[in-house]
Amino acid sequence: MTWRARWQTWRRTHAMRHMLFAFGWVLILSAPIVGLLPGPGGIFVLAAGFALLLETSPWARRFYVRTKRRWPRLGEWVDWGMRRRSARRRREREKPALAVPLD
């Protein structure tokens, strides 16, 4: 079993999902403190916290879907930042449609 497959299996356990969810909240709550330091660190800490919440929480996913429907451009940036497979599939599907000339 590869290291990545082992991590994926371990990450799906109930206890690990709760730990990642809690760590996501810790990152979100610590972002303003890190933001006081020089540099853009607070933004990256906040983004990492939101990514962990989005991966582990059903209500965060629902909130993300509602936000993405309201502000699609923001959703594109989040999908790109998280390297979501659904976003890649959507871009691949749109490429042929953009390449067709309109006559």
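The figures that follow rest on heavy atoms only: side chains count, while hydrogens, waters and symmetry mates do not. Quick caveat, the model's predicted, so the values are computed rather than measured.
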Open item on the list: If I compare all heavy atoms of Glu55 with all of Arg61, which pair ends up nearest, and what's the gap?
Closed with: O-NH2, 2.7 Å
Task: CZ (Phe21) with more than 12 external heavy atoms under 6.0 Å - done: yes
TODO: Quick one: closest heavy-atom pair of Pro58 and Thr56, and the distance?
DONE: CD-O, 3.9 Å
- [ ] Determine whether more than 12 heavy atoms belonging to other residues, nucleotides or ligands lie under 6.0 Å from atom CZ of Arg73.
- [x] no
Open item on the list: Taking CG in Leu29 as the centre, count heavy atoms belonging to other residues, nucleotides or ligands within less than 6.0 Å. Is the count above 12?
Closed with: yes
Open item on the list: Would the distance check show the side chain of Ser57 and the main-chain N or O of Leu54 forming a donor-acceptor pair, the cut-off being under 3.5 Å?
Closed with: no
- [ ] Report, as yes or no, whether the 6.0 Å neighbourhood of atom CH2 on Trp3 holds more than 12 heavy atoms from other residues, nucleotides or ligands.
- [x] no
Open item on the list: Ignoring hydrogens, what is the shortest heavy-atom contact between Val45 and Ser30? Give both atom names and the distance.
Closed with: CG1-OG, 3.8 Å
Task: Transitive ILVMFWY side-chain link Leu36 to Phe44, under 4.5 Å - done: no
Open item on the list: Run the side-chain contact (heavy atoms from CB on, under 4.5 Å) test on Leu27 and Leu52 for me, step by step, so that the C-alpha distance in whole Å, both residues' side-chain angles and the decisive distance to 0.1 Å come before the verdict.
Closed with: CA-CA 9 Å; Leu27 288 176; Leu52 283 175; 3.9 Å; yes
Task: Co-membership, hydrophobic cluster, residues Trp25 and Phe50, 4.5 Å side-chain - done: yes
